[in-house]
Amino acid sequence: MRIASLIRWIVFALAAFILNFPVIATLITSFKSNAEISRNPGLCIREPTLANYATVFDPAGRFDVWQFLGNSLTAALIGTILPIALCFPAAWAMARRGVGMNVLFPAAVNLRALPLIVFAIPLYLMYQTLGLLDTKLGLGLILAVVNIPIALLILTNTVRELPYELEEAARMDGASMATLLFRIVLPMCRPAIVTVFIFGFITAWNEFLFGLMLTTRDAVPITVGASFFFASGGGGVQWGVAAAIIMVSAAPPVLLGLVMYRHIGGSMTGGAVKG
Amino acid sequence: MTFRKKMLTATALSALMATAAQAEVTVLGWPGGPEEEALRAVTEIYNAKDDVAEENKVELLFFSRDGFFDKLQADLAAGSDAFDVNLLATYSIGRYAPYMEPITLSGEAEGVFGDTVLSTMQFEGAQYGVPTDLSMHFLFFRSDLMEELMGDEDAKATYAAISEEYLGTAMEPVAPDEMTWEDFAATALYFSRSVNPDSPTRYGTVLQMKNLLFNMMVFQSLPRAYGADWMDADGNITVDSEAYRTGLEMYKMLYDAGATPTDSLSYEFPEANAAFTSGQVAMMVQWNGASGALTGAESAPMTADVTDSVAPPTGPEGRFTHIHGLGLGLNKNAQNPDGAKAFLEWLSTEEAAVAYATAGGAPGLTGTAIEAVAEARPDLVPLGEFASNYGYVMNGATGANALSIYELQAQEFTGYWGDTQSLDEALSAAEAGMADLLK
Amino acid sequence: MTTITLENIGKRFGTTDIFQDLSLAMNSGEFVVFVGPSGCGKSTLLRLIAGLEDVTSGKISIDGRDVTHTAPHDRGLSMVFQSYALYPHMTVRQNIAFALHTEKLPKAEIDARVNEAARALQIEPYLDRKPKALSGGQRQRVAIGRAIVRKPKAFLFDEPLSNLDAALRTETRIEIAELHKSLDATMLYVTHDQVEAMTLADRIVVLSGGRIMQVGTPHELYTAPANTFVAQFIGSPKMNLLPVETTARGVELSAGKPALPVPVRPAVQLGVRPEALRLVAPEEGLLTGKVALAEYLGADLSVYVDTEHAGRVTLRGPGTMKVRDGETVGLTFDISEAHLFDANGDAIRGEMKAAA
Amino acid sequence: MSLSQRSENAILTAPLVLFLLALLGFPTVLDVIYSLSDVSFETLRAPTFTGLDNFRAVLADPDFWQATWFSLKFAVLTSVAECVLGLALAIYFSPILRRAPWMLAILIMPMIIAPAMMGLMYRLVLHEFIGPLPNYLYNWFGVSYGFLTAQNVFKTIFVIETLQWTPFALLLFHMAYESIPEDIREAASVDGTRGWRLLTRIELPLMLPTLGVALFIRFIDGFRVFDNIWTLTGTGPGGSTTSLSIYIYVAFFRSGEIGQAIAASMILFAAAFLVLFVAARRGRGKETA
């Protein structure tokens, strides 16, 4: 029994290491000087340095990384909160009254399977007309489209799982539609909404293609900004700096995932115990 | 949606949005390299001038190199006015010309750049841009290793044996500046451990073979030295030629023999530089833009001191380097065309060109201009020299579809190198595609 | 003080008719229990009255006012749900006060009412807890509290005790009965448990397959079931139904035994409750059989007898009674205790005077 | 249904409908027009109608079929590998995860990283001279393994994709496994069902619906893969890593064959819709069964 458990822990450590290997390797590289990277490509660091991060955040540097981060934050928040706001009432109507289950629901959910590149050029033309190009709002709106399928799916399923009697009780208590939705159903959907928010935020933050296409200067998100540091074809890539900016770009969603994980995990196990 | 509603929505939305920067003259430059640094430097000078009005000051804009041309094309085609002045390159002029306005250069321009360089920014007889940088290829090599090879009799014997085995004739090592492509191949093999276990380096060279258009430009100079061209005078596609076959087969032979890293099929500029600066590669053909990265003590601590460069190797038809210019031109939808024109005109003066060169750019200069920068930038002297002596542009490489042709070649040629198709298949596919694109 | 009347109610789900043409009147202050096996439509009936479901046809009135198309809340009823349906994200106090808030009552009034209900139900200590932190019985009280504070015209209970354990169920049942007395309110109560129905109800409505089988006081249902369904549904162990033949002599249980009086309609079944049967010597019995099993219940003894003519028959006697397994016994009963049913299962009543 | 409920339904769903129409309605119309037109970047605003030519061209293009085959193969192999691995790990690690739930966070980290960044990371990690992995391979075993040669590149991106998304499957299976009621396991163990038999006869059948969901989602995402392959190998030697999404992107931006690119995406959309429709039907069928 002891040995089996020991082996299990070893396998676990190994799996964790292999799954996270690229992250670990990049993290280590980000603490190496250029000289050390070319001399010592291994996983140990002889002279750790923060110089790469200093370069990334250098206020006099070529790019304003804080602005990229701010853009990503704003756009990702719009792209996460908006779908929740739009999908929650619709999800209730779908789950409880079957509204739009024939067309709207499948159409919206199937968006997930569609490569959204398809809409790139027409969207570009439309954004230009509306003055949405290179704005955080514009980027946020398209990120919202990206997140709608998962938001709608999760919220619809969640509402369907809620005990219907609670809503009947609320109707007996004289709750209006708005009260019912926002005072009764919404609070009970909170774990699901947190889940949607976290998944959505991570997806929005990590989105690359639309950031590349629809922003130029004012609204460039960090994933695209990071690729600026990865410029190729010209003066040479500084691999250490590139590694550092990748880590900076990956840090917010990873931290969010790690911190909020407990929250999700708690609600999951809670649900399981209740059966 | 009626027009009025549309306007209302647009107004409402723009009111919602962050205040758009009141751009003066917005310039979209080539990011990430010495070109960017140089552009920043001259912009500072320009903006400090007394006679430049506040609303004509220049603001710079950069985005990623990854997909740069794709995005620029989409922006231009959609009629973007996010920038007044944008980057253009010799091989993309044809593609971008419909969305740009020809410009007038300063009177000094001809004396500063010379006709050859100015012509890299011309399309159908009109001047579309100010040439800022000249891009070509150098042969970068490890002078220490080359000297050692030239002075060691045992090494020469090994060299002869290797060249006999792989190239059919016993050869003697020659200095890099006198190399033919055959010598290049023999030297690359000699310095590869898979061929010569005693080699001081793991690989003789590093070829950039990723399926990417820029890599095709690096490759072109090899077949060109054997007389390759895209079209003959009558407009027939001539890619299926002995010259291309020789070049393609040489790459393949080197790759299969292990003279270039196993993963070269996924290598582009940064990977190749990283390989070279690790000290495990004896030589490579690379863009002149890599000079700084390969010879800087900071970026190449192990090899900077012993790295030298010459023009690419020679062949039966001569010595060639693929050449193209980068420049800046005027967007048709510019919001401030007059301010942009003024800036572009100034950019073509000697004052600007010298400042640009001094700040790290790589303009092709002649006359008094090159004399003025010769001390600060000795590497620019051979650049101009190389450009006029060895520079070439393939017949058809400034057409609207030049980029697509490079894409196509990249697709087919890498397929041959990667063993997913035969040489004949690759060439006939390239020929068919090119015929379509060059119509 | 509220009367509720249903007139010709019909309800259809898809193509399935749950009710057709159902009418019922509930009097002011009355405790009415809907009882029946699962699927009989009793919960649906309650929900129609509550307004949670729309009727397909017919009319519902409360105190003479037509509420057929009135929203649930405006019918002035409150309901206690099977699962209690407490809002999990609100404290007990918020749960109880929720309806009062939607009515926009003044805060002082809300507090007063909540406190009053809490005191009455002895849930004051838990007012600031969430439902999750309460036991089943406590949740049940909160659910009732939520119903009380609204001072409704009538209370609707949907199997409110089914989630409680046996001891708590009895206790709460008594509390509900006391509540009814103290509030003097009209209460409609759905259950499948006949003990709850018998103990709580002023009147019981027995439902089966969407039809009302009988409406009456517990005593009426027990002593004068209208049909075999009610006869067997009410009472435990359930009433024995014995096959009979109606001849000119009267109703005969089996050949050679004395016949019972002649009913006005031919009877095919005779019902007799287990407690009405008596054990006698085999030759004296109207029926004879062998004892299959005797269950000792303390005060009572249930004896299962396999008879020759009527199959298995159950008898209930005092716990002191002595029988042996396998013993042959005779069974008899007073004629006045017998119920006769015709071929449709309907009771034949009051016409058994002419004895042969 | 009463009128008020109808208008309520309209109010509830209108924001979503209007938003989707506003953001995707116009682009869709334009896409339909483009797919039926001869259009290039020069003629974006004035396409000429050519009927179904674009669709014909796409269906006749061997590269399209190669990309389709690539995507299909990639999606099937990765989704199966991810689910098998995720399922095995979820069950094998369940004692650990039950005792220390936060350990799960370590395992699911890869799926939180942007796939585009993941591709960039592997460019560094797999590089022969600056990447740790080839470095150790060479120093310890004297091997220069070409991870991205034409012969190995598929295996490599298969492994990369699998490593990034196995955690997704693992997470789903972990949740499903933990939600199996304990009394079912107890009942089984009273019956003398334990270990492997418990797993195959009791637990796995109970997790079957989750397996379906996980396979399906991973299949969809594998089929439309773009970011990580794009940043790592682009189209690959001889186009060997061209997924359908990459094919569309290249046709669109690189080759300027806009009509053809959009026609290809329409075909993809139709295929996806069909698959989802069938899946939804079957799902619904099961629910009612």
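In the text below, chain A, chain B and the rest are named by the order of the sequence lines, each starting its count at 1. Reckoned from all heavy atoms, side chains included, excluding hydrogens, waters and symmetry mates. Computed from a prediction, not measured in an experiment: that's the story for all the values here.
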Where on [X] is there a heavy atom nearer than 4.5 Å to chain D: the side chain, the backbone, both, or neither?
{"X": "W9(A)", "result": "both"}
{"X": "I148(A)", "result": "side chain"}
{"X": "V23(A)", "result": "both"}
{"X": "I202(A)", "result": "side chain"}
{"X": "L152(A)", "result": "side chain"}
{"X": "I222(A)", "result": "neither"}
{"X": "L111(A)", "result": "both"}
{"X": "S249(A)", "result": "side chain"}
{"X": "L104(A)", "result": "side chain"}
{"X": "A16(A)", "result": "both"}

Does any non-hydrogen side-chain atom of [Y] lie less than 4.5 Å from one of [X]?
{"X": "P115(D)", "Y": "F208(A)", "result": "no"}
{"X": "M117(D)", "Y": "M247(A)", "result": "no"}
{"X": "L23(D)", "Y": "Y127(A)", "result": "yes"}
{"X": "L12(D)", "Y": "L181(A)", "result": "yes"}

Option in [options] with maximal non-hydrogen atom pairs under 4.5 Å from chain A:
{"options": "F226(D), F19(D), Y249(D)", "result": "F19(D)"}
{"options": "N135(D), T166(D), I160(D)", "result": "N135(D)"}
{"options": "D31(D), V125(D), T13(D)", "result": "D31(D)"}

**Asked** For M103(D), is it the side chain, the backbone, both or neither that has a heavy atom under 4.5 Å from a heavy atom of chain A?
**Response** both
**Asked** So is R8(A) actually on top of Y92(D)'s ring, under 6.0 Å and inside 45° of the axis?
**Response** yes
**Prompt:** Is the W239(A) ring parallel, tilted or perpendicular to the H127(D) ring (thresholds 30°, 60°)?
**Reply:** tilted
